[in-house]
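What follows is a set of notes on a single structure, which appears directly below.
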Amino acid sequence: MSKNSGYDKFELKWSISTIRKRSKNGSDYWHFLRYKEETESFEEFFNLLQRGDKYITANYIINGNDFAQYINFNFYKRRILDEKHYHCNYLTFHFNVSKVEQGENIIDKIYLPGQKFALKRILGEEATYEDVSAWFSREDFSKEQFEDTIQKELKIQNEYVELYCCSYCANRDCGYYPVEITKDEKRVIWKIPENYHRPYIFERQEYENAFADFKEFVDSI
């Protein structure tokens with residue numbers, strides 16, 4: 001935490017990778033291309049690759065350190081999206097869940113409700129009844145079953161933010177890294193439900209500014 005401001009420093013560092021083939025056996029792997037430049041809009045960064053598979057993810061930099069490295073999140077750097085037990089950033093899961101064939105664009109495969117929900121939660125906003133009920137079909141439940149399902153799911157989704165998830169399905173039952181994210185007029189607070197250290201306290205404007213161009217991009221889809 002900065003002694004001068006009283007806040008922890010929060011930054012986003014976006015990275016992009018693409019599919020390459022190994023020369024020895026022809027198998028696929030994720031090849032890191034580069035990080036997003038500060039002067040680049042998220043749309044410009046996203047459009048670096050017009051076709052083919054690409055993996056875009058947000059790296060959370062807290063007080064100059066990569067949060068995933070700090071918590072020793074060993075699977076975080078794996079780019080093997082075909083393997084269900086490897087993990088990825090929940091925020092960008094819906095960009096990367098579908099492989100793209102030649103001539104297709106991944107933007108057409110983004111599950112937008114899920115993407116907006118992930119962004120909403122990481123910005124410290126609570127899930128609503130409408131958010132969760134949109135995931136289920138009323139035809140599959142009786143009225144009582146539907147309401148009971150929604151209320152249980154709403155409680156789960158508002159307990160912790162799913163920061164990292166299974167890269168195959170993002171289902172919490174497959175494992176995830178939880179963080180409690182709350183905010184007030186001036187602060188955004190990350191509470192880690194593990195035995196690490198004090199909560200992170202970010203200046204709210206700085207925190208929200210870090211996501212601003214990404215949010216604009218998602219809202220424009």
Side-chain angles (χ1 to χ4, degrees), residues 10-62 64-119 121-123 161-171 174-177 209-221:
F10 182 86
E11 302 170 270
L12 280 186
K13 194 173 183 179
W14 295 96
S15 61
I16 186 168
S17 303
T18 186
I19 284 285
R20 294 281 178 86
K21 289 190 176 294
R22 293 182 175 89
S23 57
K24 289 186 177 180
N25 58 16
S27 61
D28 291 343
Y29 72 98
W30 286 101
H31 173 76
F32 169 78
L33 290 180
R34 70 172 175 86
Y35 291 108
K36 176 182 172 294
E37 298 176 359
E38 291 186 9
T39 56
E40 240 176 343
S41 69
F42 191 86
E43 183 174 5
E44 290 172 330
F45 182 68
F46 185 88
N47 288 329
L48 282 174
L49 299 180
Q50 295 297 325
R51 65 185 185 187
D53 293 337
K54 58 183 172 182
Y55 187 100
I56 293 176
T57 195
N59 304 279
Y60 307 120
I61 311 301
I62 301 177
N65 299 310
D66 188 312
F67 181 67
Q69 293 181 8
Y70 171 73
I71 62 173
N72 194 24
F73 201 73
N74 295 322
F75 291 135
Y76 178 70
K77 294 298 183 183
R78 299 304 292 263
R79 303 306 189 205
I80 308 174
L81 301 183
D82 291 335
E83 297 291 339
K84 71 177 294 184
H85 297 298
Y86 292 132
H87 292 72
C88 67
N89 190 315
Y90 181 68
L91 180 68
T92 50
F93 169 79
H94 298 287
F95 282 137
N96 304 303
V97 68
S98 298
K99 284 210 166 188
V100 181
E101 304 298 332
Q102 187 171 357
E104 294 181 325
N105 192 325
I106 197 171
I107 199 170
D108 297 325
K109 295 191 172 185
I110 294 172
Y111 177 56
L112 195 57
Q115 189 62 60
K116 287 189 173 184
F117 178 81
L119 180 58
R121 292 295 291 121
I122 205 166
L123 287 174
V161 174
E162 189 174 347
L163 201 63
Y164 302 109
C165 65
C166 165
S167 64
Y168 183 77
C169 66
N171 192 311
C174 287
Y176 70 102
Y177 190 85
N209 286 346
F211 292 92
D213 63 345
F214 177 64
K215 185 177 186 304
E216 181 181 358
F217 175 76
V218 171
D219 288 343
S220 71
I221 298 174

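Each residue takes its place number in the sequence, starting with 1.
- Residues satisfying the side-chain contact (heavy atoms from CB on, under 4.5 Å) criterion with Glu37, sequence neighbours excluded, are Arg34, Thr39, Glu40.
- Classification of the Phe42-Trp14 ring pair by plane angle, with boundaries at 30° and 60°, yields perpendicular.
- Distance CD1/Ile16 to OH/Tyr35: 13.0 Å, rounded to 0.5 Å.
- For Glu216, the side-chain contact (heavy atoms from CB on, under 4.5 Å) test picks out no residue, with sequence neighbours left out.
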inquiry  = As a quick check of understanding, evaluate side chain to side chain contact (heavy atoms under 4.5 Å, CB included) for Tyr60 and Asn89, giving each step before the final call.
reply    = CA-CA 10 Å; Tyr60 307 120; Asn89 190 315; 3.1 Å; yes

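- Not a single side-chain hydrogen bond (donor to acceptor under 3.5 Å, both in side chains) links Asn65 to another residue, sequence neighbours left out.
- Counting only heavy atoms from C-beta outward, the side chains of Leu163 and Ile122 approach each other to under 4.5 Å.
- By the neighbour-count criterion of 12 heavy atoms within 6.0 Å, atom CD of Glu43 is sparsely surrounded, having that number or fewer from other residues, nucleotides or ligands.
- Not counting sequence neighbours, Ser23 has no partner by the side-chain contact (heavy atoms from CB on, under 4.5 Å) test.
- Between Glu162 and Tyr176, the shortest heavy-atom contact is CG-CB, 3.6 Å.
- Partners of Ser220 by side-chain hydrogen bond (donor to acceptor under 3.5 Å, both in side chains), not counting sequence neighbours: none found.
- Counting heavy atoms from C-beta on, the side chains of Ile62 and Phe10 come closer than 4.5 Å.
- The aromatic rings of Tyr177 and Phe67 sit perpendicular, their planes meeting at an angle over 60°, well past the 30° parallel limit.
- Closest approach of Asn25 and Ser27 over heavy atoms only: OD1-OG, 2.7 Å.
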request  = Kindly determine whether Phe217 and Phe46 satisfy ring pair (Phe, Tyr, Trp, His ring centres under 6.0 Å), including the steps that lead there.
outcome  = CA-CA 9 Å; Phe217 175 76; Phe46 185 88; 4.9 Å; yes

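- Using a 4.5 Å cut-off on side-chain heavy atoms (C-beta onward), Val218 and Phe211 make no contact.
- With sequence neighbours left out, Phe117 forms a ring pair (Phe, Tyr, Trp, His ring centres under 6.0 Å) with Trp135.
- Rounded to the nearest 0.5 Å, atoms OG1 (Thr57) and CG (Leu91) are 7.5 Å apart.
- Looking only at side-chain heavy atoms (C-beta outward), Leu33 and Leu48 stay at 4.5 Å or farther from each other.
- Take Lys215 and apply the side-chain contact (heavy atoms from CB on, under 4.5 Å) test, not counting sequence neighbours, and it matches Leu119, Leu123, Asp219.
- In this structure, Lys116 has no salt bridge (Lys or Arg N to Asp or Glu O under 4.0 Å) partners at least two apart in sequence or on a different chain.
- The two residues Phe45 and Ser15 have their closest heavy-atom pair at CZ-C, 3.7 Å.
- In this structure, Asn59 and Leu12 have side chains that are not in contact, with every pair of non-hydrogen atoms separated by 4.5 Å or more.
- Qualifying side-chain hydrogen bond (donor to acceptor under 3.5 Å, both in side chains) partners for Lys13, counting only residues two or more places apart in sequence or in other chains: none.
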